[in-house]
Amino acid sequence: MNRWLLKSEPDVYSWAQLVAEGETVWNGVRNNAARLNLRAMKVGDEAFFYHSNIGKEVVGICRISREAYPDPTDESGKWVAVSVQPVRKLPQPVTLAAMKAEPALADFQLIRQSRLSVVPVRDAEWELVLRMAGSV
DNA sequence: GCCAACGTTGGC
DNA sequence: GCCAACGTTGGC
């Protein structure tokens, strides 16, 4: 199973909204590297849900419930979406500042390429962030 | 095919 | 509000 991190500005779409809805279409991604990541996702893969701009922290874990399909908001047919469902909220959010301060996360793509909105997470990084969240 | 100009994202 | 990073566009 692969792990990922999905970014969302909480004033556009927040963790609380995902929990309330039970599932959402992750659409609107218009970046090539992000598209490759979306296409690599499998049903059952887990992803951190990260609040960008406001909060700047990982707040929860979600799961891919449907693999890449044409983004319904894209008329060109070029871009893809996936569906995601909430799994659980982290006991404590893990801030970007805390992750930047952690030497073991120096290569985390969230930090290395801050503008990418769909990012792969290595197993060791996943475990460490969970520990920082007071989970595990 | 190169590269300057410009637009967007996201942290600070 | 500013700026760095980086992707895209368009002229040549």
Side-chain angles (χ1 to χ4, degrees):
Chain A
M1 170 172 72
N2 290 312
R3 265 98 177 225
W4 312 92
L5 179 143
L6 296 169
K7 282 188 196 178
S8 184
E9 298 180 39
D11 54 352
V12 176
Y13 193 85
S14 69
W15 170 256
Q17 278 170 272
L18 178 62
V19 170
E21 293 177 11
E23 182 173 51
T24 195
V25 177
W26 207 268
N27 59 24
V29 172
R30 298 290 184 270
N31 170 285
N32 219 12
R35 176 174 58 178
L36 289 173
N37 289 332
L38 288 177
R39 294 200 58 92
M41 291 177 177
K42 301 291 178 199
V43 168
D45 280 2
E46 290 183 327
F48 285 134
F49 193 108
Y50 175 82
H51 280 168
S52 62
N53 272 313
I54 301 167
K56 284 167 277 180
E57 57 194 11
V58 177
V59 292
I61 295 170
C62 52
R63 133 180 214 287
I64 308 306
S65 54
R66 188 179 162 198
E67 288 168 23
Y69 51 93
D71 184 337
T73 67
D74 166 41
E75 289 174 12
S76 75
K78 196 180 150 193
W79 301 103
V80 297
V82 297
S83 296
V84 304
Q85 295 173 344
V87 174
R88 63 193 163 95
K89 187 180 181 175
L90 294 179
Q92 299 201 337
V94 180
T95 65
L96 180 64
M99 291 186 281
K100 280 189 165 176
E102 175 52 66
L105 293 178
D107 286 334
F108 191 11
Q109 203 167 349
L110 175 71
I111 292 161
R112 301 208 101 184
Q113 199 176 349
S114 66
R115 283 182 50 215
L116 188 57
S117 63
V118 183
V119 175
V121 182
R122 298 190 191 112
D123 288 348
E125 294 163 347
W126 183 271
E127 297 299 330
L128 180 51
V129 172
L130 282 184
R131 242 176 288 135
M132 292 166 78
S135 186
V136 180

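Sequence lines set the chain letters: A, B, ... in the order given, protein chains first and strands last, and positions in each chain run from 1.
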Using the six-membered ring wherever Trp is involved, compare the ring planes of A:Phe49 and A:Tyr13 and label them parallel, tilted or perpendicular (cut-offs 30° and 60°).
tilted
Are the charged groups of [X] and [Y] less than 4.0 angstrom apart, N to O?
| X | Y | answer |
| --- | --- | --- |
| A:Asp107 | A:Arg112 | yes |
| A:Asp123 | A:Arg3 | yes |
| A:Arg30 | A:Asp71 | yes |

Respond yes when some side-chain nitrogen or oxygen of [X] is under 4.0 Å from OP1 or OP2 of [N], and no when none is.
| X | N | value |
| --- | --- | --- |
| A:Tyr50 | B:dT9 | no |
| A:Lys56 | B:dT9 | no |
| A:Gln113 | B:dT9 | no |

[N] [atom2] sits how many Å from [X] [atom1], rounded?
| X | N | atom1 | atom2 | answer |
| --- | --- | --- | --- | --- |
| A:Tyr13 | B:dT9 | OH | P | 19 Å |
| A:Lys7 | C:dC6 | NZ | P | 11 Å |
| A:Arg115 | B:dG7 | CZ | P | 14 Å |
| A:Lys78 | C:dG7 | NZ | P | 14 Å |
| A:Ile111 | B:dG10 | CD1 | C1' | 14 Å |
| A:Trp79 | C:dT8 | CH2 | P | 6 Å |
| A:Lys100 | C:dA4 | NZ | P | 14 Å |
| A:Met99 | B:dC12 | CE | P | 11 Å |

So, does A:Glu67 use its side chain to make a donor-acceptor pair with the main chain of A:Val43 at under 3.5 Å?
yes
Given B:dG10, C:dG7, B:dG11, which nucleotide is nearest the side-chain atoms of A:Asn31?
C:dG7
Regarding A:Trp4 and A:Asn37, do their side chains bring together a donor and an acceptor under 3.5 Å, going by distance alone?
no
Distance-only donor-acceptor check, side chains A:Glu23 and A:Ser65, under 3.5 Å
yes
For A:Leu116, report the nucleic acid contact type (base, sugar-phosphate, nothing); a contact means any heavy atom under 4.0 Å.
nothing
Determine to 10° how strongly the helix from B:dG1-C:dC12 to B:dC12-C:dG1 is bent, judged from the axes of its five-pair ends.
10°
